[in-house]
**Q** 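Would you mind keeping the following structure in view while I ask a few things?
Not measured: the values here are computed from a predicted model. Here, residue 1 is the first one in the sequence, and each next residue gets the next number.
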Amino acid sequence: MWRALWILVILTVLAAGAAWLADRPGHVVLDWGAYRIETSAAMLAAGVALVAVAAALVYRVWLFFRRAPDSIRVAWRARRRNKGLQALTKGMVAVAAGDPDEARKQARRAENLLQDPPLTMLLSAQAAQLAGDDGAAERFFRAMTDNRETEFLGLRGLLNQAIKRGDRDAALILARRAYRLKPESEWVSASLFELQTQTGQWLDAQVTSREAIKHRHLPSPEGRRREAVLACQQALDAESRGDRTEAAKQAKQALDTDKELVPAAAVLARALLADGKGRKAAGVIERIWPRVPHGDLVALYARARGADDALARVKAIEKLAGFNPGHPESLIARATAALEADLWGEARTHLSKLTAGGSPSSKTCRLMARLEEAEHGDLVKAHDWLVAAATGDPDPAWICGNCGTAVGDWSAICGNCQSFDTLQWRSPPHPARPALDVQPLLDGETQPPQTFLPRGDGGDNDGVSGDDSASGRDLVQTGDSKPAIKA
């Protein structure tokens with residue numbers, strides 16, 4: 001609309017000018033050599049305009065022929081570049097589709113058309129990787145590191161190759177180099193931290209973790225958890241070296257950051273006990289017990305309280321359990337201490353609370369077996385409880401949340417899958433089994449339900465000979481048809 005309006009204005013001005021000249025024709029005389037030209041001013045103006053237009057047309061024609069070679073060359077190059085970019089795109093699509101032959105074909109085509117190594121080397125490297133030619137891929141990636149524009153991409157490719165072949169030392173060097181180039185990259189930060197933890201470089205991992213928080217790659221709570229776990233692992237390493245001072249320092253730092261980190265509490269308690277500071281060691285355990293009761297802390301607490309005999313141990317455990325009286329770990333600790341002190345009634349009181357739900361754990365069933373054998377000498381009931389233990393929840397252990405591996409001792413790194421901070425204290429999963437009904441045992445029945453009896457080699461449920469995996473004891477048949485537990 002504005003263009004049409006502008007053209008209309010120009011035509012109006014030209015028409016007005018022509019009308020003005022027509023009203024004032026004037027008289028122009030031009031003498032040039034033997035020629036004399038007489039005309040009006042309007043005709044002179046028209047002649048000048050025609051000459052100017054003709055000169056402009058001649059100039060444009062001359063300019064076109066003068067620029068034609070360059071224009072043709074630029075158009076040819078643009079056409080080749082467009083074809084090269086199309087080949088590059090098709091090559092990337094082939095890589096994504098897992099077609100190595102097409103990827104390599106398009107990579108060669110793009111390289112020939114573009115003549116631009118920074119653009120084509122990545123595709124060539126990925127095509128070589130897809131075809132299984134790791135040597136060629138590495139050469140392409142190394143060539144990319146020589147170019148400032150593609151150095152980071154080359155380092156990433158070399159890093160992934162080093163991780164793939166398990167060369168952590170080389171991968172760590174490459175990750176550090178990539179981190180120096182782009183410290184703000186979340187991928188580089190995560191890769192560097194993972195490699196540092198897998199190679200046991202805990203101090204470097206702490207620095208990387210703090211930088212990750214600074215660049216907002218990690219939320220603050222997760223960053224604090226990392227700090228605590230790294231400090232705890234350093235405490236364990238210092239303890240293994242016999243450096244109690246460093247172990248206590250790192251363990252205290254870990255607990256100050258995460259007050260529920262049981263391994264740190266255990267390291268700190270052991271270090272304080274080794275220095276003869278039993279009261280402080282007991283205080284450490286008393287502070288963590290209300291949050292996360294743990295069986296590994298019970299023996300440490302008894303030592304910290306100087307419980308040298310069974311009755312003193314009962315008294316010490318009663319005090320510890322009082323900080324979290326309803327928790328199963330507190331009840332198990334009380335029952336175990338009472339059993340060791342031959343306090344049968346007290347042990348039964350605590351165990352009855354654990355069996356009240358009808359589905360006691362494997363550990364509870366074994367304690368009940370000990371109680372029946374020790375208090376009444378009832379080997380039948382003891383056997384029944386041991387068989388029931390086979391269907392109960394397994395004893396808790398440190399379970400990797402990534403690969404499911406169960407280990408007895410905590411570590412910052414899973415020994416199987418090398419993942420960081422994935423060990424959790426819980427019962428390992430077990431196959432689905434019939435619902436555990438222990439009510440007959442609690443009611444005093446001497447014969448357990450048929451589902452509890454293990455099938456012998458001959459397939460007869462009346463026999464009980466064999467190895468009881470839950471108790472670790474041999475079951476033998478006595479003359480009065482009652483099974484006895486043989487140590």
**Q** Identify the residue among His217, Arg156, Lys182 that makes a side-chain contact (heavy atoms from CB on, under 4.5 Å) with Trp187.
**A**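 In the set His217, Arg156, Lys182, the residue that makes a side-chain contact (heavy atoms from CB on, under 4.5 Å) with Trp187 is Arg156.
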
**Q** With a cut-off of 6.0 Å (strictly less than), are more than 12 heavy atoms of other residues, nucleotides or ligands near CZ of Arg165?
**A** yes

**Q** Is a salt bridge present between Arg224 and Asp258, judged by a nitrogen-to-oxygen distance below 4.0 Å?
**A** no

**Q** Between Glu372 and Arg348, is the closest basic N to carboxylate O distance under 4.0 Å?
**A** yes

**Q** Whether the side chain of Ser330 engages the backbone of Asn324 through a donor-acceptor N/O pair (distance < 3.5 Å, no angle test) should be reported.
**A**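 Present.
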
**Q** Would you say Ser209's side chain and Ala205's backbone share a donor-acceptor pair under 3.5 angstrom?
**A**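 It does not hold such a pair.
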
**Q** Between Ser361 and Thr364, do the side chains contain a donor N or O and an acceptor N or O under 3.5 Å apart?
**A**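 Yes, a side-chain donor-acceptor pair sits under 3.5 Å.
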
**Q** Quick check against the 3.5 Å criterion: does Ser352 have a side-chain atom that pairs as donor or acceptor with the backbone of Thr349?
**A** yes

**Q** Taking the side chain from Arg225 and the backbone from Pro221, do they hold a donor-acceptor pair closer than 3.5 Å?
**A**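 Pair absent, no side-chain N/O of Arg225 close to backbone of Pro221.
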
**Q** With no hydrogens and no angle check, do the side chains of Gln196 and Thr208 hold a donor and an acceptor under 3.5 Å apart?
**A**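 The criterion, which ignores hydrogens and geometry beyond distance, is satisfied for Thr208 and Gln196.
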
**Q** Go through Glu286 and Arg305 one step at a time and tell me if the salt bridge (Lys or Arg N to Asp or Glu O under 4.0 Å) criterion holds.
**A** CA-CA 11 Å; Glu286 289 171 357; Arg305 287 300 178 188; 2.6 Å; yes

**Q** Under the side-chain contact (heavy atoms from CB on, under 4.5 Å) test against Val267, which residue among Leu272, Leu236, Leu255 passes?
**A** Leu236

**Q** Determine whether Leu159 and Leu195 satisfy the following criterion, side-chain contact (heavy atoms from CB on, under 4.5 Å), listing intermediate values before the conclusion.
**A** CA-CA 11 Å; Leu159 175 56; Leu195 289 166; 4.0 Å; yes

**Q** Does the cation-pi check pass for Arg366 over Trp385, that is, NZ or CZ under 6.0 Å from the six-membered ring centre and within 45° of its axis?
**A** no

**Q** Are more than 12 heavy atoms, taken from residues, nucleotides or ligands other than Arg279, located less than 6.0 Å from that residue's CZ atom?
**A** no

**Q** Below 3.5 Å, can you tabulate the donor-acceptor pairs from side chains in residues 400-418 to any protein atom, sequence neighbours excluded?
**A**
| unit_1 | atom_1 | unit_2 | atom_2 | d |
| --- | --- | --- | --- | --- |
| Thr405 | OG1 | Asn416 | ND2 | 3.2 |
| Ser411 | OG | Gln233 | OE1 | 3.4 |
| Ser411 | OG | Ile413 | N | 3.4 |
| Ser411 | OG | Ile413 | O | 3.3 |
| Gln418 | NE2 | Gly415 | O | 3.3 |

**Q** Hey, are the side chains of Ser185 and Phe152 touching, using non-hydrogen atoms and a 4.5 Å cut-off?
**A** yes

**Q** Using a strict threshold of under 4.0 Å (side-chain N to carboxylate O), is an ion pair present between Arg142 and Asp146?
**A** no

**Q** Applying ring pair (Phe, Tyr, Trp, His ring centres under 6.0 Å) as the test, list every pair that has at least one member in residues 291-342; sequence neighbours left out.
**A** His294-Trp398, His294-Trp425

**Q** Any Lys/Arg nitrogen of Glu239 or Arg244 sitting under 4.0 Å from an Asp/Glu carboxylate oxygen of the other?
**A** no

**Q** Counting only heavy atoms not in Asp309, do more than 12 fall under 6.0 Å of its CG?
**A**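 Enclosed: over 12 neighbouring heavy atoms sit under 6.0 Å from CG of Asp309.
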
**Q** So among Ile285, Leu297, Leu300, which one has a side-chain contact (heavy atoms from CB on, under 4.5 Å) with Leu320?
**A** Ile285

**Q** Exactly one of Glu151, Met144, Glu149 should register a side-chain contact (heavy atoms from CB on, under 4.5 Å) with Asn147. Which one does?
**A**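 For Asn147, the side-chain contact (heavy atoms from CB on, under 4.5 Å) test succeeds with only one of Glu151, Met144, Glu149, which is Glu149.
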
**Q** Of all the heavy-atom pairs spanning Leu218 and Gly223, show the shortest one and how long it is.
**A** CD1-CA, 4.4 Å

**Q** Where the side chain of Ser362 meets the backbone of Pro394, is there a donor-acceptor pair that is under 3.5 Å apart?
**A** no

**Q** Do the charged groups of Arg176 and Asp204 touch, with an N to O distance under 4.0 Å?
**A**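 Salt bridge between Arg176 and Asp204, a charged N being under 4.0 Å from a carboxylate O: yes.
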
**Q** When you measure from the side chain of Thr197 to the backbone N and O of Phe193, does any donor-acceptor pair fall under 3.5 Å?
**A** yes

**Q** Indicate every side-chain donor-acceptor pair of residues 338-346 with a distance under 3.5 Å to a residue at least two apart or in another chain.
**A**
| unit_1 | atom_1 | unit_2 | atom_2 | d |
| --- | --- | --- | --- | --- |
| Glu340 | OE1 | Arg313 | NE | 3.3 |

**Q** State, with a plain yes or no, whether a side-chain heavy atom of Leu174 is found less than 4.5 Å away from one of Leu172.
**A** no

**Q** With the threshold set at 4.0 Å, does a side-chain nitrogen-carboxylate oxygen contact exist between Arg216 and Glu186?
**A** no

